[in-house]
Amino acid sequence: MATEQAPSGLERELERMLEIEKFEPPAGFRAEALWSDPAIYEEAGSDPEGWWLARAKELLDWETEPAQSLNDSNPPFYKWFEDGRLNASYNCLDRHVEAGRGDRIAYHWRGEEGERRDITYAELLDQTQRFANALKGLGVEKGDVVGIYLPMIPEVAVAMLACARIGAVHNVVFGGFSAESVRERMEFSEAKALVTVDGARRKGKTAPIKETVDEHLGDLDSLATIVVVRATGIECPMQDGRDVFFDEACAAADPTCPAEPMEAEHPLFILYTSGSTAKPKGILHTTGGYLTGATTTHRYVFDLKPEQDVYWCAADVGWVTGHSYIVYGPLANGATSVMWEGAPDYPHQGIWWELIEDYRATILYAAPTAIRTFIKWGEQIPAKYDLSSLRLLGSVGEPINPKAWLWYHKVIGGERCPVVDTWWQTETGAIMITPLPGITETKPGSATRPFPGISGEVVSEREGEPVSEGQGLLVLERPWPSMLRTLYKEDDRFIETYFQKFGDGRYLAGDAARRDSDGYFWVIGRIDDVVNVSGHRLSTAEVESAIVAHENVAEAAVIGQSDEQTGQAICAFVTLAGSTEPSEALQEEIRAEVAERIGKFARPKRIVWADDLPKTRSGKIMRRLLRDIAEGRALGDVTTLKDPAVMAELEGKIAAEEADGGG
Ligand code: WT7
């Protein structure tokens, strides 16, 4: 007999709260908020270009102030603030130090083993200048690409800002990606130098990084220099004439390196992200517009008061969230941030709450997948800590289910903190759809409305007409300052991916969404072959190509399957070559292959052995049917299949797997 656990008091309360349709900004919060008048939407909407230009001047220091806002003479290659000149690192560092705020802490860094480093703006500026000079000494020039493959240590911010200081274009690769992925990204972008570490710590273990980098990138001709941060002190091979230690290069460098003013449209960074094909897309962001978007949204979405707040974005710098909301937005705003090296469950499951208590953090920005994990561990863990300093909570990266939203609001926020569910993408550079915490009534699960100066719509797939009821495609209707400028060295793919369907005036986000009777946006998820695992974006094609690299695999089809913990999980249908017999060991080998080629986070959670895959007569794999089958849904239209019997066979397999207790 199935025994059902009686719902706890909290669960009953969350159930009750599910009935509440809207949450008003708490009165105390609204009274103190930077923005509390909804007229801001009309003000920005009536003249978005003028409004954004005013934000660019309000929040940034320009060497030459721009007179121009948008240049749309060559759509969809839009330009912003083109006649202005500024330096991103100057805006993040020098101007605060010059204004007497050099002693303010930029990062409260905490290492996995409890190490503490409090880095002030003055210290960050000093290190950045030294490393900028070191890069110059190594031959890095304006416009050159510099790869950065680092864990969550302060040097990652120093490396990014040093590039920005001299006009080098950084290309950060998330530390969870494999060295093979780093190689691919360095090769595509013709990186001249790479900044990495000796080793990286994760939950008490140290993995050699430099050694692995050497194995995979050693023969890359364009890569003239590898800079190694000594983060763990483990032994690592160094190649004469190519490799240098970060600390030695900085110690030997001149301590002054004036920030070089850049044209507003000078490239600031490339960040590779997954698209519909196996080849990652190099999202290119430029200086003035990007910095305006990141700084404005960071200030007003989080209601940031730099003198009082202690802000913590718990993402990794290797993703766009880290670029915009750990490095550029917070530093440009002069914020004090928490930077945590490790995982949420090391050394214990209460570490996040311990950090919040210790630093009296006031703002927390995290992913729904983390929140769902905390729910699983139980509310008794955060209950042990004093979280009363918190005044605002943010969510990012994937849809947040109403239950998780309510738990976050109640258990972490003590019902006094507004929750901002922020929708955006690597491509958008900054938050696009979000509540304004002192203005917007929130609904759990909805990102609510576009930020002032941004206009979104949900349109029908065929005609592109606004959809008032039901689901459609999410589009952004006008250019905005922090939008991607192109895909690095792939202008055609840029047009094709984002603007071909509805024309140059409408950016196709790649998400499905719906709007409710209040006009609020509810983002459903990707419509392309992109999967979101714990907020990590992956292309099914990329995972497929890693799987078929295994010598015993003939063919593979990968889909995202809904998963309570990670939002989506990777499920792979695999056809083996020749007479290869399926086995547990083979499953592990396939997972290892994916870890080696992409990274551990991309390993398929579920592998289904398939004698054949459902294909159309033209040979296209019908992933839609595989998704139906994996989710246990009734099968959609199968009439276009070349061989409908394939599906019956697969259904049999899935049924057997379930009877086995697997899956
Ligand atoms: C995709 C972009 C946003 C920075 C981190 C991810 C999904 C993101 C939300 C949200 C629903 C969301 C979308 C989007 N997504 N935020 N608040 N609600 N979905 O950036 O790796 O470029 O991924 O993440 O599907 O297209 P990314």
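Whatever order the structure lists ligands and atoms in, that order sets their numbers, starting from 1.
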Put together the list of close N/O pairs, under 3.5 Å, between ligand 1 and the protein, could you?
from	atom 1	to	atom 2	distance (Å)
ligand 1	15 (N)	G397	O	3.3
ligand 1	16 (N)	G397	N	3.2
ligand 1	17 (N)	D421	OD1	2.7
ligand 1	17 (N)	T422	O	2.8
ligand 1	18 (N)	E398	O	3.4
ligand 1	19 (N)	P399	N	3.4
ligand 1	22 (O)	T426	N	2.8
ligand 1	22 (O)	T426	OG1	2.6
ligand 1	22 (O)	R537	NH1	2.7
ligand 1	24 (O)	G397	O	3.3
ligand 1	25 (O)	D511	OD1	2.7
ligand 1	25 (O)	D511	OD2	3.2
ligand 1	26 (O)	Q425	NE2	2.9
ligand 1	26 (O)	D511	OD1	3.4
ligand 1	26 (O)	D511	OD2	2.6
ligand 1	26 (O)	R526	NH1	2.8

With a 4.0 Å cut-off on N to O distance, would you call [X] and [Y] a salt bridge?
| X | Y | result |
| --- | --- | --- |
| E187 | R183 | yes |
| K279 | E542 | no |
| R506 | E477 | yes |

Requested in this report: Decide whether a cation-pi geometry holds between K489 and F188; the criteria are a distance under 6.0 Å from NZ or CZ to the six-membered ring centre and an angle within 45° of the ring axis.
Outcome: no
**Report entry** Within 45° cone of Y41 ring axis and under 6.0 Å: R449 NZ or CZ
**Finding:** yes
Query raised in the report: Less than 4.5 Å apart, any side-chain heavy atom of L331 and any of L161?
Result: yes
